[in-house]
J.: 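Here you go, one structure.
Predicted model only: the values in this text are computed from it and were never measured. Numbering of ligands and ligand atoms starts at 1, following listing order.
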Amino acid sequence: MIMKKLLVFNWKMNPSSVKEAEEIFEIYQNQVGKTKREIKTIIAPSFVHLSSLKKKKNQNNIFFASQDVFWLNRGAYTGEISPVMLKDLKVEYVIIGHSERRRYFQEDELMINRKIRAVLSNGLKVILCIGEKERRKKELTANFRIKKIIFDQLNYALQGINIKKGGDLIIAYEPLWAIGSGLAESPESAQEIIILIHEWLKRRFAEKSFKTFPVLYGGSVNGHNLVSYLKVKEIDGVLVGGASTKKIEIIKIFSQLKNKS
Ligand code: PGA
């Protein structure tokens with residue numbers, strides 16, 4: 001039995017037109033409408049498609065995320081999008097620290113920390129991406145090196161940050177080598193790390209009434225392997241990238257949710 005899980009779809013820099021974005025979104029709406037299972041679907045389209053998709057939305061169970069944000073609310077920051085603008089568009093979630101932002105735009109821990117603060121102080125929810133760059137030959141999943149990388153990323157990103165509600169933070173564990181490579185982490189290995197992340201969060205937010213936060217797995221998730229992650233108790237959902245704008249994959253993903261219990 002799959003309990004209520006979160007499915008986050010990161011469309012990245014796809015598709016190229018509003019028309020295509022609307023067509024893809026229509027497939028999501030149809031599929032979500034037919035799904036009886038307890039899932040929450042969060043879609044992160046490009047900034048330029050957010051507003052037209054928002055107008056088309058007819059499913060309560062679909063929520064919007066942005067793929068990034070700037071850390072200040074207004075001002076002379078050419079090209080940037082502020083949390084206030086996202087809030088005005090009724091975006092609820094913001095992906096922060098995606099590995100592609102870290103890699104191509106030199107986003108560092110300080111920027112990520114600032115973005116998290118800005119998002120939370122505007123009443124939006126954070127989807128924080130973390131994960132190690134590589135997996136060495138014969139390396140055991142939860143060894144000291146990997147644990148250190150993951151815990152350091154959490155420490156820096158969440159330094160000094162006060163979370164008021166359990167729903168305000170989602171962690172996406174995405175080993176970089178698994179993103180867009182077709183080499184998904186096995187559900188068992190992902191589970192090992194995700195258990196560690198849950199433990200870290202419990203310790204870090206020990207004084208809070210909520211015990212932990214949702215922790216997702218991301219990296220080459222598709223219609224074929226999705227259920228193997230959702231079956232794992234500690235994995236609270238998945239972050240899907242490349243497959244999320246492919247019509248056939250979207251249908252496959254949702255049909256998996258209908259078939260397996
Ligand atoms: P992928 O991307 O599913 O294409 O590996 C994951 C992501 O965007 O984080």
Side-chain angles (χ1 to χ4, degrees), residues 5-16 20-21 24-25 27-28 31 39-47 49-50 63-69 91 93-105 107 112 115-116 119 125-135 141 146 149-150 153-154 157 169-187 189-191 193-194 197 213-230 232 235-254 256-257:
K5 301 275 178 171
L6 279 171
L7 305 186
V8 181
F9 296 93
N10 173 15
W11 287 13
K12 310 198 182 196
M13 204 172 66
N14 300 301
S16 304
E20 281 170 280
I24 294 169
F25 187 59
I27 300 175
Y28 278 92
Q31 295 298 318
I39 53 157
K40 186 167 182 175
T41 303
I42 302 174
I43 298 179
S46 149
F47 287 125
H49 296 150
L50 267 168
F63 301 82
F64 286 114
S66 72
Q67 299 174 15
D68 185 34
V69 70
V91 168
Y93 295 86
V94 181
I95 298 177
I96 298 180
H98 191 281
S99 63
E100 286 151 15
R101 303 269 346 147
R102 296 182 195 242
R103 176 172 173 201
Y104 299 115
F105 305 96
E107 273 197 18
I112 290 167
K115 289 183 179 194
I116 296 175
V119 162
K125 299 169 173 45
V126 171
I127 303 174
L128 170 65
C129 300
I130 54 168
E132 80 280 4
K133 277 205 183 88
E134 43 152 27
R135 188 65 57 81
T141 317
I146 295 173
I149 295 170
I150 302 290
Q153 287 177 345
L154 287 168
L169 176 67
I170 297 169
I171 306 289
Y173 166 60
E174 302 201 295
L176 269 59
W177 50 270
I179 298 180
S181 63
L183 298 169
E185 168 84 284
S186 74
S189 305
Q191 178 186 27
I193 306 238
I194 286 177
I197 297 172
F213 302 88
V215 184
L216 318 179
Y217 166 74
S220 296
V221 176
N222 53 36
H224 179 68
N225 61 16
L226 172 94
V227 171
S228 61
Y229 296 101
L230 297 189
V232 180
I235 303 181
D236 300 300
V238 290
L239 198 161
V240 185
S244 67
T245 44
K246 298 193 178 103
K247 296 177 187 173
I248 294 171
E249 280 298 328
I250 303 164
I251 293 169
K252 251 200 231 164
I253 286 174
F254 282 94
Q256 288 299 305
L257 295 170

J.: Going by side-chain contact (heavy atoms from CB on, under 4.5 Å), name the residues that satisfy it together with Gln67, two or more places apart in sequence or in a different chain.
T.: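 Checked Gln67 against side-chain contact (heavy atoms from CB on, under 4.5 Å); matches are Asn10, Trp11, Ala44.
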J.: For residues 238-247, which residue pairs pass the side-chain hydrogen bond (donor to acceptor under 3.5 Å, both in side chains) check, not counting sequence neighbours?
T.: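 For residues 238-247: Glu23-Lys247.
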J.: Between the side chains of Glu132 and Trp177, is a donor N or O closer than 3.5 angstrom to an acceptor N or O?
T.: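 A donor-acceptor contact under 3.5 Å links the two side chains.
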J.: Pairwise, report which nitrogen or oxygen atoms of ligand 1 are under 3.5 angstrom from protein nitrogen or oxygen atoms, and how far apart they are.
T.:
| residue | atom | partner | partner atom | Å |
| --- | --- | --- | --- | --- |
| ligand 1 | 2 (O) | Lys12 | NZ | 3.2 |
| ligand 1 | 3 (O) | Gly241 | N | 2.8 |
| ligand 1 | 4 (O) | Gly242 | N | 2.7 |
| ligand 1 | 5 (O) | Gly180 | N | 2.6 |
| ligand 1 | 5 (O) | Ser220 | N | 2.7 |
| ligand 1 | 8 (O) | Asn10 | ND2 | 3.2 |
| ligand 1 | 8 (O) | Lys12 | NZ | 3.0 |
| ligand 1 | 8 (O) | His98 | NE2 | 3.0 |
| ligand 1 | 9 (O) | His98 | NE2 | 2.8 |
| ligand 1 | 9 (O) | Glu174 | OE1 | 2.8 |
| ligand 1 | 9 (O) | Glu174 | OE2 | 2.4 |

J.: Measuring from Ile235:CD1 to Leu6:CG, what's the distance to the nearest 0.5 Å?
T.: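 Spacing of CD1 (Ile235) from CG (Leu6) equals 13.0 Å.
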J.: List in chain and number order the residues that pass ring pair (Phe, Tyr, Trp, His ring centres under 6.0 Å) with Phe63, two or more places apart in sequence or in another chain; answer none if no residue qualifies.
T.: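 Phe63: no ring pair (Phe, Tyr, Trp, His ring centres under 6.0 Å) contacts found.
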J.: Determine the minimum heavy-atom distance between Leu7 and Phe9, stating which atoms define it.
T.: CB-CE1, 3.6 Å
